[in-house]
Amino acid sequence: MQPGGAHSVDWAADLWRRGCERLATELPEQQFNTWIRPLPAATVSGEAAGDVLVATLKVPNHFKRDWIRRQYAPRIEAILTDLAGRPTRLELALAAREPGSAGAAPAAAAPAALPQQAALPIEPAGPGPKPAAAAAASASAIVLPSQAPASAKHRINPQLTFDTLVPGRANQMARTAALHVAGAPGVTYNPLFIYGGVGLGKTHLIHAVGNALLKDRPDARVLYLHAEQFISDVVKNYQRKTFDELKAKYHSLDLLLIDDVQFFAGKDRTQEEFFNAFEALLAKRAHIIMTSDTYPKGLVDIDERLTSRFDAGLTVAIEPPELEMRVAILIKKAEAEGTPMPEDVAFFIAKNVRANVRELEGALRKVLAYAKFSHKEISINLAREALKDLLSIQNRQIGVENIQKTVADFYKIKVADMYSKKRPASIARPRQIAMYLAKELTQKSLPEIGELFGGRDHTTVLHAVRKIGGERQKNTELNQQLHVLEQTLKG
Ligand SMILES: Nc1ncnc2c1ncn2[C@@H]1O[C@H](COP(=O)(O)OP(=O)(O)OP(=O)(O)O)[C@@H](O)[C@H]1O
């Protein structure tokens with residue numbers, strides 16, 4: 001499709017196919033096969049949202065929708081934006097279930113023979129189907145067959161190295177331990193158990209160990225896999241009664257890197273096989289590194305015999321990165337993309353995107369794509385524009401009342417003084433600061449803010465916004481206080 005022009009089915013089908021191809025090279029095979037490949041159909045529409053292309057993917061249940069949204073949506077959007085040459089937004093719509101189906105989406109547009117992995121019940125059964133309203137495809141949308149390339153890249157990703165991992169307080173312990181293991185596997189910290197929230201770099205770190213070891217010892221037998229792949233292997237070998245093959249594969253390794261072991265929950269046979277592999281590997285001084293979303297004792301539905309072994313080497317956490325580390329990550333990643341990122345822009349993005357590194361990368365891609373397609377220099381204004389949706393979602397959650405209360409607490413005045421007519425500086429200044437923050441952090445207009453501050457005129461608010469904004473540039477103490485208030489308000 002050309003921007004603003006007529007859609008062509010071939011063009012749209014090709015867009016999705018190329019998107020899948022790119023995803024397949026970036027995601028671990030198991031993740032690609034589990035989450036992306038089975039998506040039954042995609043639709044693309046151009047007009048529905050102005051000049052933004054909307055790609056709608058149908059997903060079978062709430063669980064998958066939320067997971068894909070959290071884990072993959074920013075990347076899919078960035079890839080489609082890149083391939084389409086225009087901003088593309090992803091919508092995830094619940095597919096209506098066919099009567100009698102087990103929860104799969106309608107098969108009408110699905111390809112006849114996509115090879116599927118051994119399907120394992122890794123998620124709770126989704127709630128009932130949503131009415132057709134959930135399917136957001138517009139009348140002008142084109143239905144695309146889900147197409148996925150036959151092969152997907154997997155195992156160790158050569159780009160995930162210690163060199164590309166930005167160090168910081170958040171990953172200091174984990175990184176140090178990982179470097180240690182890479183230098184002398186099988187000696188200490190065995191097993192190494194790394195835990196932390198999503199998108200904080202656990203997978204990156206264990207790939208880095210694998211890459212480092214392979215660089216030193218190219219013949220080392222190193223295997224990276226997601227826990228789901230192990231589950232899948234156990235099922236396959238169970239069906240074929242080929243447990244010797246399973247043993248031969250896992251028990252002979254020098255380094256086993258296994259991601260997201262919380263997925264073993266409730267899978268007794270898998271746990272038993274993993275226990276066997278674990279014991280065999282430790283006995284021959286091979287190293288095991290595991291990741292999880294929680295520490296060993298926090299794992300549920302996993303045999304205590306295993307969790308106590310997980311904890312027997314070294315357990316380290318990866319924390320969410322602090323502001324400076326987020327800035328460093330942005331600058332480094334932008335540099336790697338060949339686009340230098342001004343420090344003030346990196347600070348702006350880092351202050352607004354704080355959840356995890358994956359989201360930070362998503363925001364960076366949006367900004368870079370926006371700069372590319374609009375042929376503009378990267379600036380704070382451009383970043384604000386590119387991340388408009390993201391920022392407004394965050395800001396919508398902050399209410400003016402909350403700002404008034406937080407600022408009043410901070411400057412130790414009464415909340416009632418925010419609406420009062422009192423004018424002493426000890427009260428007027430915090431009030432101006434609250435007005436400034438209300439303008440910065442919410443979508444409210446100047447008159448609306450004035451109304452919420454005891455029915456003041458919008459020019460009073462404008463004056464406060466300009467005054468505090470201007471002073472902020474020169475007065476570091478005020479700037480610091482505003483940072484603290486912003487961080488508190490954004491939670
Ligand atoms: N310190 C860092 N420096 C550079 N890139 C990082 C850093 N931490 C994370 N990343 C990048 O962020 C993205 C998400 O990281 P990764 O996939 O390793 O997270 P994770 O903790 O394994 O998440 P999940 O639990 O969802 O699998 C990756 O692209 C990774 O390269």
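Because the structure is predicted, anything quoted here is derived from the model rather than measured.
- In this structure, Gln480 places its CD atom where only 12 or fewer heavy-atom neighbours from other residues, nucleotides or ligands lie under 6.0 Å away.
- The two residues Val367 and Ala386 have their closest heavy-atom pair at CA-CB, 4.0 Å.
- Here the CG-CZ distance, from Leu80 to Arg22, works out to 9.0 Å after rounding to the nearest 0.5 Å.
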**OP:** Please report the C-alpha distance between His204 and Thr161 in whole Å, then the side-chain angles of each, then the deciding distance to 0.1 Å, and finally whether the side chain to side chain donor-acceptor pair (under 3.5 Å) criterion is met.
**Re:** CA-CA 7 Å; His204 189 136; Thr161 62; 5.4 Å; no
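- Looking at every heavy atom in both residues, Ala363 comes nearest to Val353 through CB-CG2, 3.8 Å.
- Between Phe263 and His226, the ring-plane angle classifies as perpendicular under the 30° and 60° cut-offs.
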Original post:
What's the verdict on side chain to side chain donor-acceptor pair (under 3.5 Å) for Asp259 and Tyr224, showing C-alpha distance, side-chain angles and the deciding distance?
Top reply: CA-CA 8 Å; Asp259 225 347; Tyr224 163 85; 2.6 Å; yes
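- No donor-acceptor pair closer than 3.5 Å links the side chain of Thr460 to the backbone N or O of Arg456.
- No donor-acceptor distance shorter than 3.5 angstrom exists from the side chain of Asp82 to the backbone of Ala78, with no hydrogens or angles considered.
- Atom CG in Leu299 sits 4.5 Å away from atom OG in Ser292 (nearest 0.5 Å).
- Minimum interatomic distance between Val407 and Met418 (heavy atoms only, all atoms of both residues): CG1-CE, 3.8 Å.
- The two residues Gln262 and Thr291 make their nearest non-hydrogen contact at OE1-O, 4.3 Å.
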**OP:** Give the C-alpha distance, both sets of side-chain angles, the deciding distance and a yes or no for side chain to side chain contact (heavy atoms under 4.5 Å, CB included) between Thr81 and Arg86.
**Re:** CA-CA 5 Å; Thr81 294; Arg86 62 188 280 199; over 6 Å; no
**OP:** Apply side chain to side chain donor-acceptor pair (under 3.5 Å) to the pair Asp457 and Thr459, showing each step before the final yes or no.
**Re:** CA-CA 5 Å; Asp457 192 74; Thr459 53; 2.5 Å; yes
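- A side chain to side chain donor-acceptor pair (under 3.5 Å) with Tyr436 is found for one member of Glu471, Arg472, Lys467 and no other, namely Arg472.
- Rounding to the nearest 0.5 Å places CG of Leu482 at 8.5 Å from CZ of Phe410.
- Exactly one of Lys333, Arg75, Lys366 qualifies for a side chain to side chain donor-acceptor pair (under 3.5 Å) with Glu361. That residue is Lys333.
- A 6.0 Å sphere centred on NZ of Lys444 holds no more than 12 heavy atoms belonging to other residues, nucleotides or ligands.
- For Lys421, the NZ atom is densely surrounded, since the number of other residues' heavy atoms within 6.0 Å is greater than 12.
- Contact record, Pro296 with Thr315: CD-CG2, 3.6 Å, taken as the closest heavy-atom pair.
- The nearest pair of heavy atoms linking Ala346 to Ile331 is CB-CG1, 3.8 Å.
- In this structure, Lys297 places its NZ atom where more than 12 heavy-atom neighbours from other residues, nucleotides or ligands lie under 6.0 Å away.
- Rounded to the nearest 0.5 angstrom, Gln473 CD and Leu478 CG are separated by 10.0 Å.
- Within the model, atoms CD of Glu228 and CG of Asp260 stand 8.0 Å from one another, a figure rounded to the nearest 0.5 Å.
- Applying the 6.0 Å contact sphere to OH of Tyr419 captures more than 12 heavy atoms from other residues, nucleotides or ligands.
- Here CZ of Arg431 is found 12.0 Å from CD1 of Ile468. Values are rounded to the nearest 0.5 Å.
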